[in-house]
Amino acid sequence: MIARRTVLAAGLALCAAPLHPLGDAAAQSVGASAPTKSPGPSYSFGVLPQRSALLTAQYWNPVLHYISRRSGVALSLQTARTAPDMNDATARGDYDFVYSNTIFQPSMAAANYQVILRPRTDAVTGQIVVLESSPIQSLQQLSGLSVGFPSQAAFLGYAVPMDHLLRQGVAVTPVFGGNQEGVMGQLKAGRVAAAGVNDQVMRAFSVRENVAYRVLWESVSFHNLPISAHPRVPAAVAAAVRQAFAAMEDDPEGARIFADSGRLVGQAPPYGFLPASQSDYAAYTEFYKSTLVKDIK
Amino acid sequence: MSAFTAFWSRLSFLARLLTTASLALLAAATLMLFVSAGEAARDARADLAAELAAELETLPAALAETVVVGDFSTLQQTLDHYVQQPRVAAVRFEDTSGVALTSALKRHRPVAPDWFRRLLVFQDLSGSAHVLVGGRSYGVLTVALSAQPDADKSWRHLLSHMGVLAFAIGLDFLGIWWALRTGLGPLRTLEQGAADLAGGDYARRLPVVGGPELRRLFVAFNRMASSLQFAYVQLQRRNAELQRFSEISAHHLQEPTRRLIVFAQRLSTRLTGHPAMADAQLELNYVVQEAARLRNLLRDIELYLAAHQPLGRIDLIDPAAGARSAAKRLSLKLTEAAAELTIPESGPRVRLDERRLEELFAILFDNAVRYRRSDIPLKIDVAFSQIEDKVRIRVTDNGPGIDPAYRDKAFGVFERLHPGPNDVATGVGLAILRRIAESTGGGAWIEDQQTPGLSVVVELGIGPDL
């Protein structure tokens with residue numbers, strides 16, 4: 001369990017690296033050296049904002065820096081404040097690589113992202129959770145109440161749980177928190193009676209933020225967010241990136257980077273990725289075909 | 001510098017004291033204010049450096065989320081908001097691709113003048129820091145802080161303190177002026193008292209007021225005035241007694257002298273025709289002569305004693321008229337001596353009675369005739385001149401003159417420098433002349449001249465104090 005203040009202090013320390021003041025004679029030492037760029041063109045790597053952009057960058061920049069060095073492919077992190085913002089860019093095919101599970105939405109089909117990697121972690125589920133201290137014991141008790149969801153673009157956090165609520169006939173008032181941790185924060189603050197979440201993200205949040213919660217409902221398992229490549233990315237580039245990601249956890253340096261980033265967000269092992277393909281995510285495609293949720297973005 | 005010295009010497013004691021005190025206070029206080037402002041500037045520089053360091057430590061973290069998502073619009077708004085802070089002059093973010101966002105606030109016109117900033121070293125500061133997230137630099141943030149707000153604040157403090165200083169100097173000025181004025185004011189009373197005393201008001205006394213020093217001074221003045229008054233009264237009394245005694249003595253001696261002459265003449269008449277008494281008659285003649293001389297001396301003593309007293313109404317009169325009156329009175333003597341007398345038509349008026357003015361000229365003309373040279377005709381010239389409040393009468397003759405060694409002696413009573421066998425003059429004429437002149441505040445003396453002869457100058461005062 002990592003205290004919030006420690007995380008923020010580490011974040012601040014990582015954010016500021018003073019240069020020598022302009023116009024002053026004395027030069028100050030640089031707090032953290034700027035990373036060297038990999039040779040060749042830079043490819044954008046979009047990451048779905050399940051957390052704040054800052055935490056997302058703190059997690060992914062060290063990883064992408066490692067992958068860039070190992071693969072020889074320069075990767076540049078791209079993210080957005082909210083999932084809908086990210087999805088708009090994804091639908092346009094703005095990113096060369098993308099870490100997101102919204103690519104399986106029908107609206108994203110035109111971008112035609114192809115899965116190249118999946119997380120080594122167990123499959124994830126969608127959940128509807130309440131605080132441990134909540135009097136609510138069943139989904140039916142949520143009828144007419146406000147329930148928080150990350151965004152209309154969230155698969156496990158919105159589409160899956162809302163689909164179940166609709167099928168159960170439980171009418172709730174959805175409240176959107178912007179991203180996964182955003183709605184978890186609202187749950188913690190008591191602004192919503194329950195929240196639709198990604199079980200892995202929820203677990204990591206509860207550890208980090210010391211939040212006790214109870215699961216009212218849990219979906220079937222889905223593989224967690226894949227890494228996909230846009231068709232315009234040369235096959236060799238995609239292969240190099242794939243290989244580097246797949247080998248990262250087995251490399252001591254790579255494992256250390258994953259462990260450090262995991263501690264930062266409260267994520268438990270296993271870390272790392274395995275090679276995967278589109279067929280590993282057929283369950284997403286099937287869900288989108290039959291879901292009752294019509295306002296997925 | 002000499003012009004300043006001349007100006008300074010003309011200032012009164014009070015003005016010098018006030019100027020010196022005020023300038024000293026102004027210089028010391030101004031120096032103190034600037035030293036204080038310098039210390040404030042030093043503290044401001046330290047504060048500015050600390051603030052810059054703090055901003056470079058916290059601002060990148062505050063901007064990190066916005067920078068990571070690449071929301072430059074929000075970033076620009078954030079920078080625009082940040083630059084509103086009092087000391088922030090400008091802030092700039094430049095990402096790794098060279099795109100730069102800058103925000104700088106146009107400040108109000110500075111209050112503190114540039115020379116003040118330079119003198120006290122109110123220096124702007126700027127510094128830069130990378131925005132690093134997860135080991136990746138997203139760009140460089142540069143912050144520029146301005147020292148102008150601190151300079152303006154310090155300048156305002158200085159001006160307000162200078163205002164207080166000016167008030168203090170004004171108060172100090174007034175205080176010193178009032179203290180000295182009230183303290184030294186009685187000195188004017190002393191000055192007036194001294195003037196009254198010099199004018200003859202020996203009864204003048206001063207009120208004993210003021211501080212201890214002034215009270216002692218006034219007491220001393222009053223004591224001096226009392227002594228002076230006593231001495232004056234004593235002198236007046238003695239002079240009066242002396243005058244009275246002289247007059248009485250002269251008068252009382254006249255009668256016996258007259259009787260002596262009368263009885264000696266009677267006796268001489270009775271002895272006439274007796275050859276055996278020829279010697280006795282001769283001796284009686286000597287007695288008569290000496291008695292006559294004694295009578296003349298007593299008469300001249302009376303004249304001398306009375307010379308300082310007016311013999312008529314004192315008025316401003318033309319000395320030329322007095323000279324002509326004297327010439328008329330001595331016309332027989334002047335004619336017998338074939339003297340050539342020159343008198344100006346008129347002269348500057350003198351304040352004297354007519355009789356004494358005529359007597360004055362009569363003495364001079366008589367002396368000129370009496371002691372003239374036998375080988376050349378007598379010439380007498382009268383001239384007038386005025387110097388300030390004195391009129392000088394110059395009577396010049398072409399007689400034998402008087403040796404410089406005896407000139408002052410000539411004005412002595414009964415001093416005859418060259419008495420002849422038939423000379424009946426008593427030698428008191430010039431003494432009387434000087435006494436008349438001195439009674440007007442003037443004097444008389446003998447002057448050198450280019451040609452042989454005698455030049456007597458009589459100076460008469462024309463002031464009202466006679």
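Lettering of chains follows the sequences in order, A, B, ..., and the numbering in each one begins at 1.
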[X], part contacting chain B, at a heavy-atom distance under 4.5 Å:
X       : result
A/Ser76 : both
A/Leu64 : neither
A/Ala80 : backbone

Taking atom [atom1] as the centre, does [X] end up with more than 12 heavy-atom neighbours from other residues, nucleotides or ligands that are less than 6.0 angstrom away?
X        : atom1 : answer
B/Trp115 : CH2   : yes
B/Gln84  : CD    : yes
B/Glu51  : CD    : yes
A/Glu249 : CD    : yes
B/Arg16  : CZ    : yes

So which heavy atom on [X] is nearest to which on [Y], and how close?
X        : Y       : value
B/Glu65  : A/Ala53 : OE2-N, 3.1 Å
B/Gly134 : A/Asn61 : O-CB, 3.3 Å
A/Arg81  : B/Val69 : N-CG1, 4.0 Å

I'd like to know whether B/Tyr138 forms a side-chain contact (heavy atoms from CB on, under 4.5 Å) with A/Leu77, so could you lay out the CA-CA distance, the side-chain angles of the two residues, the decisive distance to 0.1 Å, and finally the verdict. CA-CA 10 Å; B/Tyr138 281 83; A/Leu77 174 68; 3.8 Å; yes
In Å and rounded to the nearest 0.5 Å, what is the CG to CG distance from A/Leu54 to B/Leu63? 11.0 Å
Give the C-alpha distance, both sets of side-chain angles, the deciding distance and a yes or no for side-chain contact (heavy atoms from CB on, under 4.5 Å) between A/Thr56 and B/Val68. CA-CA 9 Å; A/Thr56 301; B/Val68 165; 6.0 Å; no
